[in-house]
Amino acid sequence: MLINKVKTDFSEMLCDVFNGATIMLGGFGEAGSPIELIHALIDHGAKDLTIIANNAGNGRVGLGALIGQRQVKKVICSFAKSAKAITFPELYNNGEIELEVVPQGTLAERIRAAGSGIPAFYTATAVGTPLAKGKEEKVFNNKKYILEEALSADFAFIKADVADRYGNLTFNKTARNFNPIMCMAAKQSLIQTKKIIEPDETNPEHVITPGIFVQKIIQVENPIIESNAIEEGIIYP
Amino acid sequence: MLINKVKTDFSEMLCDVFNGATIMLGGFGEAGSPIELIHALIDHGAKDLTIIANNAGNGRVGLGALIGQRQVKKVICSFAKSAKAITFPELYNNGEIELEVVPQGTLAERIRAAGSGIPAFYTATAVGTPLAKGKEEKVFNNKKYILEEALSADFAFIKADVADRYGNLTFNKTARNFNPIMCMAAKQSLIQTKKIIEPDETNPEHVITPGIFVQKIIQVENPIIESNAIEEGIIYP
Amino acid sequence: MINPDLKNVIKGWDRNSIASKIANDLPHASYVNLGIGMPELVSQHIKEDREIIYHSENGLLGMGPTPNENEIDLDLINAGKKPVTILPGGSFCHHADSFSMIRGGHIDYCVLGAMEVSINGDLANWSTGKGIPAVGGAMDLVAGAKNVFVMTQHITKEGKPKLVQTCTLPLTGAGVVSRVYSDYAVIDITKEGFKVIDINQNISMEFLQNITDGKVYQ
Amino acid sequence: MINPDLKNVIKGWDRNSIASKIANDLPHASYVNLGIGMPELVSQHIKEDREIIYHSENGLLGMGPTPNENEIDLDLINAGKKPVTILPGGSFCHHADSFSMIRGGHIDYCVLGAMEVSINGDLANWSTGKGIPAVGGAMDLVAGAKNVFVMTQHITKEGKPKLVQTCTLPLTGAGVVSRVYSDYAVIDITKEGFKVIDINQNISMEFLQNITDGKVYQ
């Protein structure tokens, strides 16, 4: 029997998702954002979700749409103030959604830490700022640091460029961003990929995310381009 | 003026090395071990060195030779008991060299931490063992962890497979090992590489160590193979 | 409060002049992160006697200029989410690795805008204290880069000094700024106060002191 | 102290039989790290109904069998520094990433040798307390892998039990072992003691108890 993580329908991809789950979404702005998986999550209907991502969505597609559907209880991100954000500001200003602001590098490191078995680490980022409030402080070599805890998730929704059936992934240019570390930090990493290749076509020197961090894969050959969709006024669902 | 980190002689590579320096040596056993740079360090003659590496050398070439020359005060490593080690056991049993034993994963993570601005992190590795002695313990989610501090160096001696003049590096198979993270953790990373290519031949998706972590490069087209050298009874210098 | 009309009377350096001063202070072979907005101008003023490598915190080292319309790739963007290019010798990495470059002290210079800079180098540039809080990578950059340069107007549109005794806005970092490039002066943050290392030819030290909330000296 | 001659009288399972039992307990699609020495035998007993992926902590996922003499590449070795191969779908990574797989709980099973295993799952397998201390990746593996299997002779060459009430040697990890595969039994570590889930057909529970320092039960 051969390992094959490739699925053919979205309901199989998301079959374990539950109300109250914590879900990481790859991407930096629209680059590397797994829009089709997010839309499948809207179709799935899970509620009270905690979303970990760099941004809080644009327009009414992808994460913007998920928030608009009121499926999200809390967003943990570095920058929720995107130029074309509609739904997050609306709910936030009405007190209908929680926000945890995390410096972008601390966010990335907390995610990697979760994937690497590190429950907490010290960092100089945010020392002396409002974001250090309530955090343990410690001095190393005469410099102040604060303790930051790992950030894990039940699921990571990931957009790759190329995958094989073992889950070895590569990404396209700066669409790599948070995707590889989120694969490490989630109990289940669900991947949408443009291309699927045979394992013997995978160059072992060039793999960015090794299959050990991947649970399920689905092919989306021509994913929606967020900025185009927003320009065209597309609203999901 | 163009950036060019490539040097042509070893004395220029090692011109900043000083007595008492802390030096990381890449490699896992002989794979990825920068033997020619280590031999240049023997020629250089710096004393009282602290060496950070996975092993403590074999035979009387490379690190084995450096230790034999009594240039090393202390070794920080995970496994000093290699099958063909001669010089380290000799000095260790005579109380003439210090040893700090670090679990291999903790060693790797402490090195990466130094390169990533993390002065310390918690880990479950070694909890309840003699190697946890004197280390701060803390409980997260009902599990015990110990605090481990970052491990930095003045220099990293690194063996790469291919480099360009910016210092972008790739490695050959499992010769990658500690090399990329040591480049991150040292003030000066000194690289010996088999091949040098033009920057436009470097594929930006395949770079393992980006040039920002590299200071100087020298080409060694046909490096000594440690196990062959030991078999042939070669002794350096 | 300074009279904002002063700004219309005494002309300071324009943005490109400030950018050019910064560009001249970046040494050959530096790794540099330019903040979104005005700091991006710096790259247009680098002289041919040096090569600078630009880092964008979303996983891009060796960032090149804006592409032509027909070369745009939406998967190749900068930290401001604008399409960019990559130069030969550039590389991509994931977010943790990219921020290791910043947080690990490998970025030689970052150039950022400011709302306030205090006399001891505190920087406030991420929040007015109102609206949705959003920090991005600013706190990592000021905590991690070897040198933090601030590029800013000397006073606000309302005529208030931006160089102050104590910041009133939420901090981005404490004691992090090395140098400020304003339209009126280049100022080092020192233990003794705001040290003027270059002053606009149209103004006096007295004028500079008037528009600065904190001791300036030469 | 048990009479070591017993071992010559009552024959236990041989190494390959033990390896085969372990191989049968590794589910399809598991990620597995096999310790140097006896545990390496396990890979030779995997049935065709499953695919197992082997991890070697020196940055190799998807490790294949030993190469032929003419295919040896000294840059492609395992954690025991012996030449190996890589299978299609395998990948290389650096040491921190490789140990993230271990320490982050991504390795489903590791199989290791033991000097002593205590009734509460403590493992001692890295040091006799004498000579040069050398730990390698053992402490990371036992702390990080989801399931830690021990493959060992039930008693030492000197006839002393290896399954003990309390370890006397320096620990590799505390409370880390899930299951022990010895030449006489397969034993789960439970709160109630050593739970025997398989016993060699040539011995009795009484015999097993005699060669074990700690309560065994079925």
Side-chain angles (χ1 to χ4, degrees), chain A residues 26 28-32 54-56 58 77-83 85 88-89 92-93 99 101-113 115-116 123-132 144-145 161 171-182 184 208-209 225-228, chain C residues 36 56-61 63 72-86 90-105 120-124 126-127 129 131-144 167 169-176:
Chain A
F28 181 82
E30 67 179 321
N54 189 60
N55 304 101
N58 276 313
C77 76
S78 87
F79 202 84
K81 225 165 53 177
S82 301
F88 181 83
Y92 182 80
N93 292 330
L99 172 64
V101 191
V102 183
Q104 201 171 132
T106 296
L107 181 64
E109 195 65 33
R110 288 177 66 190
I111 293 167
R112 182 204 173 265
S116 302
T123 178
T125 294
V127 168
T129 78
L131 298 190
K144 279 186 197 167
Y145 295 86
D161 189 37
F171 303 89
N172 186 35
K173 306 185 181 73
T174 55
R176 187 183 303 187
N177 55 63
F178 282 90
N179 283 296
I181 51 176
M182 287 180 171
M184 297 169 68
I208 301 301
T209 291
I225 295 166
E226 187 184 277
S227 51
N228 293 354
Chain C
I36 299 160
S56 185
E57 57 264 37
N58 56 318
L60 171 54
L61 188 68
M63 180 168 62
I72 288 175
D73 180 343
L74 294 176
D75 280 346
L76 180 44
I77 59 175
N78 66 10
K81 288 159 193 150
K82 297 280 183 298
V84 290
T85 50
I86 184 169
S91 58
F92 299 109
C93 63
H94 65 53
H95 245 80
D97 282 349
S98 184
F99 275 88
S100 283
M101 295 177 191
I102 295 172
R103 294 154 65 104
N120 63 338
D122 295 353
L123 173 67
W126 73 285
S127 168
I132 302 174
V135 68
M139 287 188 184
D140 305 290
L141 278 162
V142 301
C167 292
L169 294 171
L171 293 192
T172 309
V176 293

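Protein chains get the first letters and strands the later ones, always in sequence-line order, with residue 1 at the start of each.
Interface remark: A:Asn55 contributes side-chain atoms only to the contact with chain C (heavy atom separation under 4.5 Å). The part of C:Thr172 that comes within reach of chain A is its backbone (N, CA, C, O), which places non-hydrogen atoms under 4.5 angstrom from that chain. Using a 4.5 Å cut-off between heavy atoms, A:Leu107 makes no contact with chain C at all. With a 4.5 Å cut-off on non-hydrogen atoms, C:Asp97 does not touch chain A at all. Contacts between A:Val101 and chain C at a heavy-atom distance below 4.5 Å involve the side chain alone, from C-beta outward.
Counting heavy-atom pairs under 4.5 Å between each of A:Gly105, A:Ala31, A:Ala80 and chain C puts A:Gly105 at the top. For the set C:Ser98, C:Gly175, C:Cys93, the count of heavy-atom pairs under 4.5 angstrom toward chain A peaks at C:Cys93. Ranked by non-hydrogen atom pairs under 4.5 Å with chain C, the options A:Thr123, A:Ile225, A:Asn179 are led by A:Thr123. Between chain A and the options C:Ala134, C:Ala143, C:Ser91, the largest number of non-hydrogen pairs under 4.5 Å is found for C:Ala134.
Counting only distance, with no hydrogens or angles, the side chain of A:Thr174 and the backbone of C:Asp75 share a donor-acceptor pair below 3.5 Å.
Scanning all heavy atoms of the two residues, the minimum distance from C:Pro170 to A:Pro130 falls at CB-CG, 3.6 Å. Taking all atoms of both residues into account, the shortest heavy-atom contact from A:Phe79 to C:Gly136 is CD1-N, 3.7 Å. Closest heavy-atom contact between A:Ile181 and C:Ala96: CG2-CB, 3.8 Å. Of all the heavy atoms in C:Leu74 and A:Ser227, the pair that sits closest is CD1-OG, 3.6 Å. Minimum interatomic distance between A:Phe88 and C:Ile132 (heavy atoms only, all atoms of both residues): CE2-CG2, 3.9 Å. Across every non-hydrogen atom of A:Gln104 and C:Asp140, the tightest pair is N-OD2, 3.3 Å.
Counting non-hydrogen atoms of neighbouring residues, nucleotides and ligands closer than 6.0 angstrom, the NZ atom of A:Lys81 exceeds 12 such neighbours.
Note: A:Lys173 NZ to C:Ile77 CD1 = 12.0 Å, rounded to the nearest 0.5 Å. Atoms OG1 and CE, on A:Thr106 and C:Met139 in that order, are 9.0 Å from each other to the nearest 0.5 Å. In this structure, CD on C:Glu57 lies 6.0 Å from CZ on A:Phe28, to the nearest 0.5 angstrom.
C:His95 and A:Phe178 have parallel rings, their planes meeting at less than 30° on a 0 to 90° scale where 60° marks the start of perpendicular.
Checked against side chain to side chain donor-acceptor pair (under 3.5 Å), C:Asn120 has the following partners two or more places apart in sequence or in another chain: C:Ser118. Residues that satisfy the ring-ring contact (aromatic ring centres under 6.0 Å, His included) test with C:Phe92, not counting sequence neighbours, are absent from this structure.
Tested against C:His94 for a side-chain contact (heavy atoms from CB on, under 4.5 Å), the candidates A:Arg112, A:Arg176, A:Met184 yield a single pass: A:Arg176.
Residues C:Pro133 and A:Tyr92 are in side-chain contact: their nearest non-hydrogen atoms beyond the backbone lie under 4.5 Å apart. Side-chain contact between A:Val102 and C:Val135 is absent, with no heavy atoms from C-beta onward closer than 4.5 Å.
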Practice problem: Show your reasoning for whether side chain to side chain contact (heavy atoms under 4.5 Å, CB included) applies to A:Thr125 and C:Arg103. | Solution: CA-CA 8 Å; A:Thr125 294; C:Arg103 294 154 65 104; 3.3 Å; yes

